Amino acid sequence: MTEGAGLRDGDLPDGLPNDLTAAELGMWQAFRNGSVYDLSSGDTVVDDPHGGHPWGDDRTVRARIICWLLLDGPPALAGRVSSLKLVGVRISDTMDLAGGTVVPYVEMRGCRFDREIRLPEAHFTTVRLVDCAVPRLEAARVHTEGDLHLPRCRFQGGIRLTDAQIGTDLLLNQAIVYRDRSGRSIAADGISVGQDLQAEMLESHGELSLRGANIGVSLSLRGARLVNPYTRLALNAPQLTVGRTLYLTPAGVGSPLLSGRTPARGTRIQRFACQGGVRLDDGRFGDAVDLERARFTFTDEQELSLRRIQTPELRFLGERPERGRVVLSGARVVNLMDRADAWPGPGLLHMGGFSYENLVPRGPFPLERRLEWVAAATAEYNPEPYELLASVLRNGGEDEDAREVLLAKQRRRRETLPPAAKLWGYAQDWMVAYGYRPGRAAVWMAVLWAASSVAFAYADHPPLKGGEHPTWSPALFALDLLLPVIDLGQVGFWQLSGAWQWLATAMILLGWILATTVAAGATRTLRRS
């Protein structure tokens, strides 16, 4: 029902424009009364602002009359607060409020704009455009003390909010935005939002640019669909600062109560989907970057770039990209929450300088897969990812897994060595696993002791000094050769020659190697205890 229509001559104030149409007269009085001015017909097909049904003069007001009301409108009626609340209205011409200061509250629902809205450097309290058809919104450096709401609106020529300052929330839920002439759907570089930027189930056809943006609380792109086949990036947000969490996660469909929450099990959901590159380089996030169930579709040249981001938690739980790259070079994370099947394969993952303090796998993530994850990120040998993984595992009490990681590091390093060093590496691996499996060294010592004891039983071993020697014992003699430092009173009293001398020398060398390995393993065990 339309409020403010049916004006009587006595209701017309002094200074009222004399060329107002009947629709504009009703809007003028509704503004003074602070009431809703509704020109909808009640037919959902006819009233659809995005449909093709024409709206005639009886539903049309001129943009300049709206600007007149907002910038220099009449005083409110006694006991009322003036405000502009329009429903089902067509606005002709360009609504230009550039540089103006608008005090009244502004809310338009289901309205249709013939031409763009221009708000550069304008000042508002709160602006709400809900389910409106707008050719383009030009609002660089706009300032609002409260909210700027644009849910379910459609913008055929894009939105410009460069360097805008939004006092509380910016809402773009379920909006549909097409690109402008520069290829951008939403240009919001340098925007500052006091609390939340919600763009849940947003459809963006072009580049969504948030370079250098500052979001006070959370940035939610739950269920959003970003499509940009025209240029390299669908989401371009380097140096983005978010006070709490960036959500690139699913959204519940059909229930407004699910906004801002993780959808409950069984709820019909819409995933975050991005066709085009994502750039979040140098971002700062107070709580987390959440990629749960996110779907990325890249070309070979595109990537999910998280270079040098800093966040307490990275939830890398999306679908594995089939093409393109994932780049975490220089990123710093406290908790890395991930799944084994979320990471891309060899050559598509780059983690140079990536640091994390804790691993929180979601689902099975065996050590073999974790080692494949590290190998996929290092096309050439680099010890840093292995050492970091080993350190994190050791700090978490997984000392055995940490040794396996360091062993894998040595094996990867071996492939870069010249033939002679590589051969020696294979020998070390086979005998003592580079010292990371001390139990194997103890077994080798036992085998060598037994074999050498049998061999030395047949050795020709005249004493060095007659009458000044202990009783010959092949087992004690072999053990005295194998154990460094410890003197069992056998070596040094018998004279060996030829092959026996060479065997004794080999036993001494092997004893040092194996005993050192066993001692190192025992030391690690004691430290762990």
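Everything quoted here is computed from the prediction, not taken from an experiment. Along the sequence shown, residues are numbered consecutively beginning with 1.
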Item to check | Arg370 bridged to Asp338 by N-O distance under 4.0 Å | outcome: yes
Next on the checklist: Quick check against the 3.5 Å criterion: does Arg112 have a side-chain atom that pairs as donor or acceptor with the backbone of Pro49?
Outcome noted: yes
Checklist entry - Under 30°, 30 to 60°, or over 60°: which ring-plane class applies to Trp28 and Trp68, parallel, tilted or perpendicular? => result perpendicular
Next on the checklist: Between the side chains of Glu207 and Arg179, is the shortest nitrogen-to-carboxylate-oxygen separation below 4.0 Å, so that they form an ion pair?
Outcome noted: no
Checklist outcome for this item: Of all heavy-atom pairs linking Leu226 and Leu208, the shortest is CD2-CD2, 4.3 Å
Checklist entry - From Glu203 CD over to Leu172 CG, what is the distance, rounded to the nearest 0.5 angstrom? => result 13.0 Å
Checklist entry - Salt bridge check: are Glu301 and Arg232 linked by an N-O gap of less than 4.0 Å? => result no
Item to check | Note: Glu303-Arg307 ion pair, threshold 4.0 Å (strictly below) | outcome: yes
Next on the checklist: Looking at Glu138 and Arg118, is there a salt bridge between them, counting it only when a charged N and a carboxylate O are closer than 4.0 Å?
Outcome noted: no
Item to check | Pairwise distance CG(Leu406) to OG(Ser391) - rounded to 0.5 angstrom | outcome: 9.5 Å
Next on the checklist: Applying side-chain contact (heavy atoms from CB on, under 4.5 Å) to Leu70 and Leu97, what does each step give before you reach the verdict?
Outcome noted: CA-CA 9 Å; Leu70 294 178; Leu97 293 166; 3.8 Å; yes
Next on the checklist: Please check this pair: side chain of Asp96 against backbone of Ala98, looking for a donor-acceptor N/O pair closer than 3.5 Å.
Outcome noted: yes
Checklist entry - Going by an N to O cut-off under 4.0 Å, is there a salt bridge joining Glu292 and Arg315? => result no
Checklist entry - Yes or no on side-chain hydrogen bond (donor to acceptor under 3.5 Å, both in side chains) for Thr125 and Glu145, after CA distance, side-chain angles and deciding distance? => result CA-CA 5 Å; Thr125 50; Glu145 297 178 13; over 6 Å; no
Checklist entry - Does a side-chain N-to-carboxylate-O contact under 4.0 Å join Asp147 and Arg128? => result yes
Item to check | Nearest non-hydrogen partners of Leu39 and Gly88, listed with the distance | outcome: CB-O, 3.7 Å
Checklist entry - What is the distance from atom CZ of Arg152 to atom CD1 of Ile176, rounded to the nearest 0.5 Å? => result 11.5 Å
Checklist entry - Hey, is the main chain of Gln302 close enough, under 3.5 Å, to the side chain of Arg325 for a donor-acceptor pair? => result no
Next on the checklist: For Thr241 and Asn214, which I'm curious about, is there any donor-acceptor pair between the side chains at under 3.5 Å?
Outcome noted: no
Item to check | Where Leu371 and Ala408 come nearest, the two heavy atoms and their spacing | outcome: CD2-CB, 3.9 Å
Checklist entry - Ion pair present between Asp196 and Arg244, side-chain N to carboxylate O less than 4.0 angstrom? => result no
Checklist entry - Would you call Leu389 and Tyr356 a side-chain contact if the rule is heavy atoms closer than 4.5 Å? => result yes
Next on the checklist: So that I can tick it off, tell me whether Asp282 and Arg308 are bridged by a salt bridge, with the cut-off set at under 4.0 angstrom between side-chain N and carboxylate O.
Outcome noted: yes
Next on the checklist: Apply side-chain contact (heavy atoms from CB on, under 4.5 Å) to residues Leu219 and Tyr247 and explain how you reach the verdict.
Outcome noted: CA-CA 6 Å; Leu219 170 54; Tyr247 294 100; over 6 Å; no
Item to check | side-chain hydrogen bond (donor to acceptor under 3.5 Å, both in side chains) between His50 and Asp131, intermediate numbers included | outcome: CA-CA 9 Å; His50 317 293; Asp131 194 26; 2.9 Å; yes
Checklist entry - Looking only at atom types and distance, does a side-chain atom of Thr378 sit under 3.5 Å from a main-chain N or O of Tyr381, one as donor and one as acceptor? => result no
Item to check | Presence of salt bridge, Arg323 and Asp300, under 4.0 angstrom | outcome: yes
Checklist entry - Shortest non-hydrogen contact from Leu248 to Ala294? => result O-CB, 3.4 Å
Item to check | Residues Ser41 and Asp47: side-chain donor-acceptor under 3.5 angstrom | outcome: yes
Checklist entry - When you look at Trp373 and Met351, which way does the side-chain contact (heavy atoms from CB on, under 4.5 Å) test go after all the steps? => result CA-CA 10 Å; Trp373 171 68; Met351 298 195 303; 3.4 Å; yes
Checklist entry - Do Phe31 and Pro104 come close enough that some side-chain heavy atom pair is under 4.5 Å? => result yes
Checklist outcome for this item: Taken to the nearest 0.5 Å, the spacing of Gln198 CD from Leu150 CG works out to 13.0 Å
Checklist entry - Rounded to the nearest 0.5 Å, what separation is found between the CD1 atom of Ile159 and the OG atom of Ser209? => result 13.0 Å
Checklist entry - Does the pair Arg295 and Glu319 meet the rule for a salt bridge (Lys or Arg N to Asp or Glu O under 4.0 Å), with working shown? => result CA-CA 5 Å; Arg295 179 180 294 141; Glu319 290 187 3; 3.2 Å; yes
Next on the checklist: Please determine whether side-chain hydrogen bond (donor to acceptor under 3.5 Å, both in side chains) holds for the pair Tyr386 and Glu384, giving the CA-CA distance in whole Å, both sets of side-chain angles, and the decisive distance to 0.1 Å.
Outcome noted: CA-CA 5 Å; Tyr386 291 94; Glu384 180 185 3; over 6 Å; no
Next on the checklist: Under 4.0 Å between a side-chain nitrogen and a carboxylate oxygen: does that hold for Arg141 and Asp189?
Outcome noted: no
Item to check | Flag side-chain contact, heavy atom, 4.5 Å: Ile66 against Val61 | outcome: yes
Checklist entry - Going by atom types alone, do Gln195 and Thr168 pair a side-chain donor with an acceptor below 3.5 Å? => result no
Item to check | Test log, rule salt bridge (Lys or Arg N to Asp or Glu O under 4.0 Å), inputs Asp163 and Arg211 | outcome: CA-CA 10 Å; Asp163 296 319; Arg211 295 182 298 178; over 6 Å; no
Checklist entry - Counting distance only, does the side-chain N/O of Gln29 pair as donor-acceptor with the main-chain N or O of Gly26 below 3.5 Å? => result no
Item to check | Shortest non-hydrogen contact from Asp180 toward Gly157 | outcome: CB-O, 3.3 Å
Next on the checklist: Assess whether a salt bridge exists between Arg320 and Glu322, defined as any Lys/Arg side-chain N lying under 4.0 Å from an Asp/Glu carboxylate O.
Outcome noted: no
Checklist entry - Hey, does the side chain of Tyr37 reach the backbone of Ala23 with a donor-acceptor pair shorter than 3.5 angstrom? => result yes
Next on the checklist: Does Arg80 form a side-chain hydrogen bond (donor to acceptor under 3.5 Å, both in side chains) with Ser35? I'd like the steps, not just the answer.
Outcome noted: CA-CA 9 Å; Arg80 301 284 183 156; Ser35 57; over 6 Å; no
Checklist outcome for this item: To the nearest 0.5 Å, atom CG of Leu314 lies from atom CG of Asn335 at 10.0 Å
Item to check | CA sep, side-chain torsions, deciding dist, call: Asp19, Arg62, side-chain contact (heavy atoms from CB on, under 4.5 Å) | outcome: CA-CA 11 Å; Asp19 62 343; Arg62 287 168 290 176; 3.4 Å; yes
Checklist entry - So does Asp341 have more than 12 non-hydrogen atoms from other groups sitting under 6.0 Å from CG? => result yes
Checklist entry - Shortest non-hydrogen contact from Phe113 to Pro135? => result O-CD, 3.2 Å
Checklist entry - Is a side-chain N or O of Ser218 found less than 3.5 angstrom from the main chain of Ser220, in a donor-acceptor match? => result no
